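So the structure is just underneath, and the comments pick up after that.
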2 protein chains.
Amino acid sequence: MTANILVVEDEPAIQELLALNIKQAGYNALRSLSAEHAQQLLRETLPDLILLDWMLPGMSGIEYARRLKSDNLTKAIPIIMLTARGDEYDKVRGLEVGADDYVTKPFSPRELNARIKAVLRRRAPQMTDDPIEIAGLSLDPTTHRVTGNNVNIPLGPTEFRLLHFFMSNAERVHSRTQLLDKVWGDRVFVEDRTVDVHIRRLRNALMASNHQDLIQTVRGSGYRFSAQSTEQAS
Amino acid sequence: MTANILVVEDEPAIQELLALNIKQAGYNALRSLSAEHAQQLLRETLPDLILLDWMLPGMSGIEYARRLKSDNLTKAIPIIMLTARGDEYDKVRGLEVGADDYVTKPFSPRELNARIKAVLRRRAPQMTDDPIEIAGLSLDPTTHRVTGNNVNIPLGPTEFRLLHFFMSNAERVHSRTQLLDKVWGDRVFVEDRTVDVHIRRLRNALMASNHQDLIQTVRGSGYRFSAQSTEQAS
DNA sequence: CAAAATATGACAGATTCATGACAAATATTA
DNA sequence: TAATATTTGTCATGAATCTGTCATATTTTG
């Protein structure tokens with residue numbers, strides 16, 4: 001599950017540079033030269049992040065950003081603005097239309113990557129590729145593999161994403177609706193109770209290494225992935 | 001029990017942006033394009049906070065604020081005003097009509113959230129997600145966990161909310177009716193005496209870490225959560 | 001001591017969850 | 001392409017837990 005990043009930039013050289021950088025960092029780059037074209041791309045895939053140039057031919061970047069943020073389908077997608085210089089005024093306007101961050105040109109690849117990573121982590125921590133290990137259970141997003149005490153644990157796609165989300169947001173209670181939003185995606189319509197079933201499937205799989213208790217149910221609230229036991233001293 | 005925030009703003013783009021921000025921060029967003037419409041919404045649910053634009057078509061924001069503050073039913077609801085710029089004069093007028101805080105457009109999401117949280121903390125502390133720790137008893141809303149001297153204390157949903165409310169409003173006596181309103185919600189109809197039973201259940205659970213005395217009975221008035229012992233020297 | 005207020009234990013009805021089964025949708029393989 | 005395996009969402013059922021109320025102690029106050 002590598003993140004898709006859409007670059008909207010009219011200058012081909014800069015676009016190339018950006019795309020290169022993005023790929024280097026392990027993400028998937030989609031490109032577009034104009035807001036109009038970008039709009040078409042969105043029909044096929046919703047990216048996880050949009051890098052948007054401030055100045056564009058046709059519809060300007062600011063205008064497009066505003067439009068993205070007012071559409072239910074796209075408003076949740078974080079936007080990083082590319083502005084000509086570190087103009088404070090631009091920054092303010094950018095944030096006003098809903099940009100999540102901004103980068104000034106010329107930019108350093110390092111800075112760009114840092115900001116991309118930060119924004120992705122803020123919005124969807126489970127999008128990052130860092131391996132996670134908790135209480136003997138480890139999950140590696142790049143190899144798509146889960147092992148408990150070094151024995152392999154096979155998981156279906158949904159269970160994998162679910163576990164990934166849980167491990168990226170451990171200790172915290174998540175309501176069924178939140179889980180549906182974060183793991184299934186916000187455009188699907190599924191029954192709340194469906195989460196229960198997947199929880200059970202996940203627990204079932206985790207039994208292979210006796211890690212099933214890491215997933216705790218919090219009655220009336222939702223579920224929690226926690227290394228701390230819920231037992232009480234006797 | 002997440003806080004409901006009503007946004008009254010006629011510009012759709014800004015409204016969308018505000019709503020987005022509010023949801024992202026974990027609150028519930030209700031929206032309205034005019035003061036008149038807002039008034040209707042109030043008939044169904046009383047929000048915990050109102051974000052009110054300074055300038056509105058029809059009844060202006062200032063006027064509406066004044067009206068809200070003069071109605072017994074709504075005057076306790078905190079109001080954050082959205083003003084065009086940091087005009088000192090506007091600020092004064094806003095506070096004059098009873099606004100609790102104000103934010104100047106363009107605003108940064110971060111600032112907005114900070115102010116929302118601050119205002120909510122003042123009015124309805126149990127709506128925020130801050131962990132609380134009193135006399136060795138700690139409660140964390142995000143993980144939905146209660147520990148007394150580091151041992152886990154399991155609580156049912158109602159007892160959890162009750163304790164959360166108590167700890168957020170410690171050292172103060174709450175009548176049964178008040179508790180019913182704040183913890184159960186104002187639309188339920190339950191017997192006053194039911195509170196007694198839940199108090200007992202809560203005390204019972206707290207006995208696990210010998211914290212049961214934090215919940216004190218104030219004969220004739222209600223209950224109080226207090227770290228100060230009520231014992232008298234003999 | 002009598003009256004009033006609160007504590008407690010029990011209980012039945014409601015909620016909320018876990019679980020197994022199943023059919024539809026998807027992906028994989030031959 | 002057809003056949004086969006996986007995966008997914010939903011449902012029905014039963015188990016577990018929670019809730020509100022009542023009847024009955026117990027405590028406090030005047």
Side-chain angles (χ1 to χ4, degrees), chain A residues 1 144 146 152-165 173-207 212-225 230-232, chain B residues 1 144 146 152-166 173-207 212-225 230-232 234:
Chain A
M1 168 115 342
H144 213 272
V146 176
N152 191 55
I153 296 177
L155 288 181
T158 304
E159 278 73 47
F160 183 86
R161 287 203 308 278
L162 184 57
L163 181 60
H164 192 183
F165 176 77
V173 180
H174 308 282
S175 71
R176 284 163 235 274
T177 308
Q178 283 171 325
L179 289 173
L180 245 24
D181 275 1
K182 302 291 191 165
V183 177
W184 273 253
D186 23 277
R187 79 190 87 180
V188 291
F189 171 65
V190 278
E191 207 62 39
D192 258 26
R193 287 283 148 210
T194 297
V195 173
D196 297 27
V197 179
H198 282 277
I199 289 284
R200 172 170 147 291
R201 286 172 181 157
L202 182 51
R203 277 178 176 154
N204 234 317
L206 292 183
M207 266 196 289
Q212 73 285 123
D213 293 331
L214 291 180
I215 304 212
Q216 306 166 354
T217 123
V218 180
R219 178 172 249 259
S221 299
Y223 295 94
R224 167 178 59 199
F225 182 98
T230 184
E231 307 267 318
Q232 23 180 342
Chain B
M1 175 117 338
H144 213 273
V146 175
N152 195 53
I153 297 177
L155 289 181
T158 304
E159 278 73 48
F160 185 88
R161 287 202 308 276
L162 184 57
L163 181 60
H164 191 185
F165 176 78
F166 268 133
V173 185
H174 307 282
S175 72
R176 284 163 236 274
T177 309
Q178 283 171 322
L179 288 172
L180 245 25
D181 274 1
K182 301 291 193 166
V183 177
W184 274 253
D186 29 280
R187 71 188 66 200
V188 291
F189 171 66
V190 277
E191 206 62 39
D192 257 27
R193 286 286 145 207
T194 298
V195 174
D196 297 29
V197 179
H198 281 277
I199 290 283
R200 172 171 146 291
R201 287 172 181 155
L202 181 51
R203 278 178 175 154
N204 234 317
L206 292 184
M207 268 198 287
Q212 72 286 124
D213 294 332
L214 291 179
I215 301 203
Q216 305 166 354
T217 302
V218 181
R219 178 169 245 260
S221 302
Y223 296 94
R224 170 178 54 202
F225 182 97
T230 185
E231 308 265 320
Q232 8 188 338
S234 54

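Since the model is a prediction, treat every value here as computed from it, not as a measurement. Chain letters run A, B, ... following the sequence lines, proteins first and then strands; every chain starts at 1.
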Spacing of A/His198 atom NE2 relative to C/dC17 atom C1', expressed in whole Å:
16 Å

Using whole Å, what does the distance between atom P of nucleotide C/dC17 and atom CD of A/Glu191 come to?
14 Å

From the options D/dT21, D/dT7, D/dG9, select the nucleotide whose nearest atom is closest to the side chain of A/Pro157.
D/dT7

Answer yes or no: does a side-chain N or O of A/Thr158 lie under 4.0 Å from OP1 or OP2 of D/dT7?
no

A/Asp192 CG - C/dC17 P separation (whole Å)
10 Å

What integer distance in Å separates A/Phe189:CZ from D/dT8:C1'?
15 Å

May I have the distance from A/Gln216 (atom CD) to C/dT16 (atom P), rounded to whole angstrom?
20 Å

Classify every nucleotide of nucleotides 6-15 of chain C by which part a protein heavy atom approaches to under 4.0 Å, writing B for the base, S for the sugar-phosphate alone and - for neither, in 5'-to-3' order.
BSBBB----B

Between A/Trp184 and D/dG9, is there a contact of a side-chain N or O with OP1 or OP2 at under 4.0 Å?
yes

Rounded to whole Å, how long is the line connecting atom CG of B/Leu155 with atom C1' of D/dT17?
14 Å

B/His198 and B/Trp184, any side-chain heavy atoms less than 4.5 Å apart:
yes

Are A/His174 and A/Phe165 an aromatic pair, judged by ring center distance below 6.0 Å?
yes

Give a yes or no on whether the ring-centroid distance for B/Phe160 and B/His144 is below 6.0 angstrom.
yes

Could you grab the distance from atom CZ of B/Arg201 to atom CD of B/Glu159, nearest 0.5 Å is fine?
6.5 Å

CZ of B/Phe160 versus P of D/dT19: gap in Å, rounded?
13 Å

Would B/Asp213 and B/Arg203 pass as an ion pair if we require N to O under 4.0 Å?
no

Listed by chain and number, what are the side-chain hydrogen bond (donor to acceptor under 3.5 Å, both in side chains) partners of B/Glu191, not counting sequence neighbours?
none

